[in-house]
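Report on the following structure.
This is a predicted model, so every value here is computed, not measured.
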Amino acid sequence: EKTKTYTSALFSNGFYQNNYVLVDQLLPAYDIGRYSKYFNDVKTLVIDKDPRDLYAMQISECGERYIPCDSVDVFINWYKATRSQRYKINTEWKDTALFIPFESLIYEYENSLEKIKTFTGLKTEEHVNKKKFFIPEKSIANTQVYKRYPQLRKDVEKIEKELADYCFHFENYSSIGI
């Protein structure tokens, strides 16, 4: 209760002029149920990239130190372990968390936006910066990254096999030039 009081005061101190405060990585996506109890009213959006792209970016571009890629097997095991609780987002955490693939925000922008508005209670007229900061037409370049690296083909095939449930179905959408 003391933590709830503290976080409530922190986010309602007059500094924030809107009903909504967006904080990156406030709650760990692997245990939203445990950590959301420290807030009076929290909604968590879990946005995740296709594992093939995450791997390709980690190996070939600007990777994050916390993503292990010593081998494709290490990456697959890490990915599975860190997403093992995701199913709870659509079940026991459904009132406090919503999962949307990063790719859906691009290829299904309006549909994804409606899901977010319904989940958060955001009204259309409150969404005053639509496509000002997140521009799907530009962000599309951050999808299907793995196709830029044919040298990763075998690793990508293994990811597709081992992490099939996490891969975005790009084939269902218009193709883009890579």
Side-chain angles (χ1 to χ4, degrees), residues 18 20-30 32 43-69 72 74-76 78-87 89-90 93-94 97-178:
N18 298 313
Y20 301 92
V21 177
L22 178 65
V23 181
D24 186 23
Q25 300 181 16
L26 180 65
L27 303 181
Y30 60 82
I32 292 166
K43 298 285 186 173
T44 302
L45 296 175
V46 178
I47 312 294
D48 204 1
K49 288 184 75 71
D50 182 292
R52 297 166 293 185
D53 279 351
L54 195 58
Y55 180 78
M57 292 171 73
Q58 184 67 20
I59 294 292
S60 303
E61 296 181 8
C62 56
E64 301 289 343
R65 287 185 284 191
Y66 68 88
I67 299 176
C69 286
V72 69
V74 168
F75 172 80
I76 289 169
W78 170 82
Y79 197 93
K80 284 180 182 177
T82 57
R83 274 78 174 169
S84 66
Q85 301 294 308
R86 184 184 289 169
Y87 72 94
I89 293 171
N90 296 323
W93 300 339
K94 68 181 180 208
L98 173 66
F99 171 73
I100 297 183
F102 171 75
E103 296 79 12
S104 290
L105 290 171
I106 294 164
Y107 291 89
E108 300 173 10
Y109 179 78
E110 291 298 331
N111 184 39
S112 295
L113 181 57
E114 286 305 312
K115 287 179 183 178
I116 292 169
K117 288 193 300 188
T118 299
F119 175 69
T120 61
L122 180 71
K123 295 175 183 67
T124 300
E125 59 272 11
E126 293 174 308
H127 189 203
V128 295
N129 292 316
K130 185 176 181 179
K131 293 190 177 182
K132 184 175 179 183
F133 299 102
F134 179 76
I135 305 166
E137 296 80 10
K138 287 186 177 181
S139 293
I140 200 165
N142 295 317
T143 67
Q144 302 185 61
V145 174
Y146 65 94
K147 291 182 177 179
R148 296 181 200 150
Y149 302 101
Q151 69 273 24
L152 298 176
R153 185 181 53 81
K154 287 186 180 183
D155 287 352
V156 167
E157 287 173 357
K158 188 164 192 171
I159 290 168
E160 288 173 339
K161 181 180 176 194
E162 298 284 327
L163 300 174
D165 291 342
Y166 300 99
C167 292
F168 190 76
H169 293 283
F170 292 110
E171 66 276 6
N172 295 336
Y173 302 89
S174 300
S175 97
I176 60 169
I178 302 296

Check your understanding: Listed by chain and number, what are the ring pair (Phe, Tyr, Trp, His ring centres under 6.0 Å) partners of Tyr166, not counting sequence neighbours?
Key -> Tyr79
Revision key, fill the gap. Quick note, salt bridge (Lys or Arg N to Asp or Glu O under 4.0 Å) partners involving residues 160-174, not counting sequence neighbours, are Arg52-Glu160, Lys80-Glu162
Check your understanding: Residues two or more places apart in sequence or in another chain: which of them pass salt bridge (Lys or Arg N to Asp or Glu O under 4.0 Å) with Lys94?
Key -> none
Practice item. Please name all residues satisfying side chain to side chain contact (heavy atoms under 4.5 Å, CB included) with Asn90, sequence neighbours left out, ordered by chain then number. Key: none
Revision key, fill the gap. Residues passing the side chain to side chain contact (heavy atoms under 4.5 Å, CB included) test with Ile135, sequence neighbours excluded, are Glu137, Lys138
Exercise for review: Kindly check if the number of other-residue, nucleotide or ligand heavy atoms within 6.0 Å of CD (Glu110) is above 12?
Suggested key: yes
Practice item. With sequence neighbours excluded, tell me which residues meet side chain to side chain contact (heavy atoms under 4.5 Å, CB included) with Glu125. Key: Lys123
Check your understanding: ring pair (Phe, Tyr, Trp, His ring centres under 6.0 Å) with Phe99: which residues, sequence neighbours excluded?
Key -> none
Review point. Which residues pass the side chain to side chain donor-acceptor pair (under 3.5 Å) test with Glu126, sequence neighbours left out?
Key: none
Practice item. Tell me, please, which residues at least two apart from Phe119 pass side chain to side chain contact (heavy atoms under 4.5 Å, CB included). Key: Lys43, Leu45, Leu98
Check your understanding: What pairs with Glu157 under salt bridge (Lys or Arg N to Asp or Glu O under 4.0 Å), at least two apart in sequence or on another chain?
Key -> Arg153
Revision key, fill the gap. Sorted by chain and number, sequence neighbours left out, salt bridge (Lys or Arg N to Asp or Glu O under 4.0 Å) with Asp48 holds for Arg83, Arg86
Review point. Under the side chain to side chain donor-acceptor pair (under 3.5 Å) test, which residues partner Tyr109, sequence neighbours left out?
Key: none
